[in-house]
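Letters A, B, ... mirror the listed sequences (proteins, then strands); counts begin at 1. All values below were derived from every heavy atom in this structure, side-chain atoms included, with hydrogens, water molecules and symmetry-related copies excluded.
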Amino acid sequence: MASKGTCAKTKASKRRRSSLPNLVPDAQRIFANLNFYFFPNNDIHAGRKARIRVSERYGATWVRDWDATAGITHIIVDHRLTYQDIPVYLKLPEGIPPEVIVVNEEYPSDCIRSQMILDAAQSHYQVPGTPNAAKATSNTGPVASTRIPSQVDVEPKTKQNNQVARRSRSPLPEHDLKGSTATHGDPSESDRVEYGKSSSHDTGCETGQADGETDETKLPQTAPAAPDKYGYELIEAIQEVAALRDIPLELDDVEESDSPPQDEPPSDSDSEDHRPAHKKSKSNHSKFSNFQCMHSHPAPANYSTATATPSSSTIIPPSHPNAQIITLLSLQCDYYTRIQDPWRSLAYRKALTTLKNQPHPITTAAQARQLRHIGDRLARKIEEIATTSRLCRFESTLTDPRDRLLQLFLGVYDVGLAQASKWVDFGCRSLADVQTCPQIALTDNQRVGIAHYDDFQARIPRDEVRQLGAIVTNALRAIDPAFEVTIGGSYRRGARDSGDVDLLITKPGASTRYIRSTVLEQLVPELTARAFLRARLAGGKDSVHAVETTKCHGACSLTPTAPWRRIDLLLVPEEEMGAALIYFTGNDIFNRSLRLLASRKGMRLNQRGLFEDAMRGRGRMKVTEGRLVEGGSERGIFERLGVPWREPTERVC
DNA sequence: AGGCGGTACTG
DNA sequence: CAGTAC
DNA sequence: GCCT
């Protein structure tokens, strides 16, 4: 309560403390002449302290006292506070002066990252509760993500908005995307509420105060003493890196209520979430309950994905009780993904989904050890992060130049670890090097991948996905109106943007052969002629295999000058649509989980159907096909597997 | 100690 | 077959 | 990496 007062009082004592922010060179001092007022306006919290110091290094003046004459240009608001909290605490009956820009705490670091003052009006910099928040389109436009600080020297690439395109993606979640596949019985406005910040009014005042305290006093974070300055810089660096890549933090908190097992007596069982802290065993009820697909996640009303490359998939939680842990482990996970180690990466991903559904802060190893998919080693790491805000192991990988190059090269379509490693070993330091290296013979696909590196790396706004799908649909129906096209992938899961466009194409009653020949021999040529399809990357190229091809990968663009987008067509006979939908809807972890479950139950699931009596030899090697149990209906497959139905939007693991 | 999804396309 | 992608 |  009164602790708020501290900032007002302590100003005196900390006046000298800001000493010397050792400024960056003049040219980079993008915040020169700007006056920042932080809210709360103190540096007690480690993260905020880091932000303040970094802002100062880039030229900003940290205004300690609210003063109309201080020329305050920006208020940087802590993510736990709302717009309404500001005038309450600052006692501004008139409200916030209109000339003062109010942004969330992501704004400064984004500006620094892009070396320019960004448009503060962008929705992802707005503070919850901002009046007439012009929920304008999240402006995800053609924002090519430069995943790596290093330059991507693709050659021609005459993007008009080079500047903008180079800008990294916003790390903040967006809650626009109304209407989409809002299968979730959520009150439309609940978007914000679920972020744990009462969206508005009355509480505002209280919350403001309360938060002021909790903020300082009871955040799990850092040990009493502070990490050295190196620690702060690292934290900031990590935040930046984390923002550059998309951190997999889909849905943050599970609301405490809705938990699944309604058959459980409220008495003994649950301590908090789905985890009877029974014996030592982590197993829940059934022997299959350990599969991700058995756990209905709270439905991310809408989320943003980045399933694209590494393990990532999503949004930065406005605030998650274990955000820092998740962030660091995600980075470590991505490192394993690209470095070599798919199994370790998988393990991290499973652990991460557990963490993401953990509504309470984890602070000790013992606590962490209780969670599914978290063993001793991860538990120790988690404790390390919780107490020191750092992860030793990860720090070394952060700066590893080889790793950065690998990441760059792996971003090229048709380049995997083998090629990327080779290129690095050849001494290539950039994509330009790769193109000119005499020892490297690029495949056609790789050339396309390099030429359109930024395009393919960029996210595709949901509405563009829809439009691209519509173009294909219309073209196909012009050929034969009985065809049906379904947009799958993250679009179907409700994502607000996608890495590529996945289309399932079918025609009731038609044979695969007919579907294939129509698509390959008529649709594709037509779309190519129209310059919608810009490249064929795979599928039906090789005439030998073309006779039985079922998928086609390519690149398309909305207009001749629009960015190229990856597009995948899957040709599906009606009887296999259920299985194909599951396959093409994902997500990845969810699919694996379903398939693993099937195989444990003596069945086999693939993109064509669910089979039973599949004979498996040693291990689980397939010996016989088994007979088809179900293929046409998603629900049917779920049922036969004994998995509770999940809407596509709930298949985000 | 052995598994970790299961398949399609390309060179 | 290895490599890549989904 | 974790699980069986």
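For A:Tyr413, counting side-chain heavy atoms from C-beta on, the closest listed nucleotide (D:dC2, C:dC6, B:dT10) is C:dC6. Here the nucleotide nearest the side chain of A:Tyr348, chosen from B:dG5, B:dT7, D:dG1, is D:dG1. Nearest nucleotide to the side chain of A:Lys551, out of B:dA8, D:dG1, C:dT4: B:dA8. Listed nucleotides: C:dG3, B:dG6, C:dA5. Nearest to the side chain of A:Gln607: B:dG6. Here D:dC2 is the nucleotide among B:dA8, C:dC6, D:dC2 with the atom lying nearest to any side-chain atom of A:Ala347.
A close approach under 4.0 Å does occur between a side-chain nitrogen or oxygen of A:Asn606 and OP1 or OP2 of B:dT7. OP1 or OP2 of B:dG5 has not a single side-chain nitrogen or oxygen of A:Arg349 nearer than 4.0 Å. Residue A:Arg595 places none of its side-chain N or O atoms closer than 4.0 Å to OP1 or OP2 of B:dG5. A sub-4.0 Å separation between OP1 or OP2 of B:dC9 and a side-chain N or O of A:Thr549 is present. For A:Lys381 and D:dG1, the shortest distance from a side-chain N or O to OP1 or OP2 is below 4.0 Å.
Every residue meeting the side chain to side chain contact (heavy atoms under 4.5 Å, CB included) condition with A:Glu574, not counting sequence neighbours, appears here in chain and number order: A:Thr506, A:Pro508.
What separates CH2 of A:Trp343 from P of B:dA1 is a distance of 19 Å, to the nearest Å. The distance from atom CD of A:Gln419 to atom P of B:dT10 is 17 Å, rounded to the nearest whole Å. Taking atom CG of A:Leu442 as the reference point, atom C1' of B:dG11 lies 14 Å away to the nearest angstrom. Going from atom CZ of A:Arg566 over to atom C1' of C:dC6 covers 9 Å, rounded to whole Å. A:Leu520 has its CG atom 13 Å from the C1' atom of B:dC9, to the nearest Å. The separation between A:Glu576 atom CD and B:dG6 atom P is 17 Å, rounded to whole Å. If you measure from atom CD of A:Gln292 to atom P of D:dC3, you get 11 Å, rounded to the nearest angstrom. Here the P atom of nucleotide B:dT7 and the CG atom of A:Leu570 are 14 Å apart, to the nearest Å.
No contact: A:Thr443 has no heavy atom under 4.0 Å from any strand. A:Asp444 comes within contact range of no nucleotide atom at all, as no heavy-atom separation falls under 4.0 Å. Here A:Lys350 lies out of heavy-atom contact (under 4.0 Å) with every strand. Using a 4.0 Å heavy-atom distance criterion, A:Val544 is classed as making no nucleic acid contact. Residue A:Ser593 is classed as having no contact, given no heavy-atom separation below 4.0 Å to the nucleic acid. A:Lys422 comes within contact range of no nucleotide atom at all, as no heavy-atom separation falls under 4.0 Å.
Rounded to whole Å, the separation between the P atoms of D:dC2 and B:dG6 comes to 23 Å.
Applying the salt bridge (charged side-chain N to carboxylate O under 4.0 Å, His left out) definition to pairs two or more places apart or across chains, those involving residues 438-453 of chain A are A:Asp444-A:Arg447.
Salt bridge absent: A:Asp455 and A:Arg565 never bring a charged side-chain N and a carboxylate O closer than 4.0 Å. With salt bridges taken as basic N to acidic carboxylate O contacts below 4.0 Å, one links A:Glu612 and A:Arg627.
Contact annotation: the side chain of A:Val501 never approaches that of A:Val472 to less than 4.5 Å [non-hydrogen atoms, C-beta and beyond].
Mapping A:Thr550 and A:Leu346 onto DNA chain B by nearest heavy atom places A:Leu346 closer to the 5' end of the strand. Between A:Asn591 and A:Arg608, the residue anchored nearer the 5' end of DNA chain B, judged by the nucleotide with its closest heavy atom, is A:Asn591.
Using a 30° and 60° split on the angle between ring planes, A:His452 and A:Trp564 fall in the parallel class, below 30°.
Counting all heavy atoms, side chain and backbone alike, A:Cys333 lies closest to A:Arg349 at SG-CG, 3.6 Å.
Under 3.5 Å, the side chain of A:Tyr583 and the base of C:dC6 form at least one donor-acceptor pair of N or O atoms.
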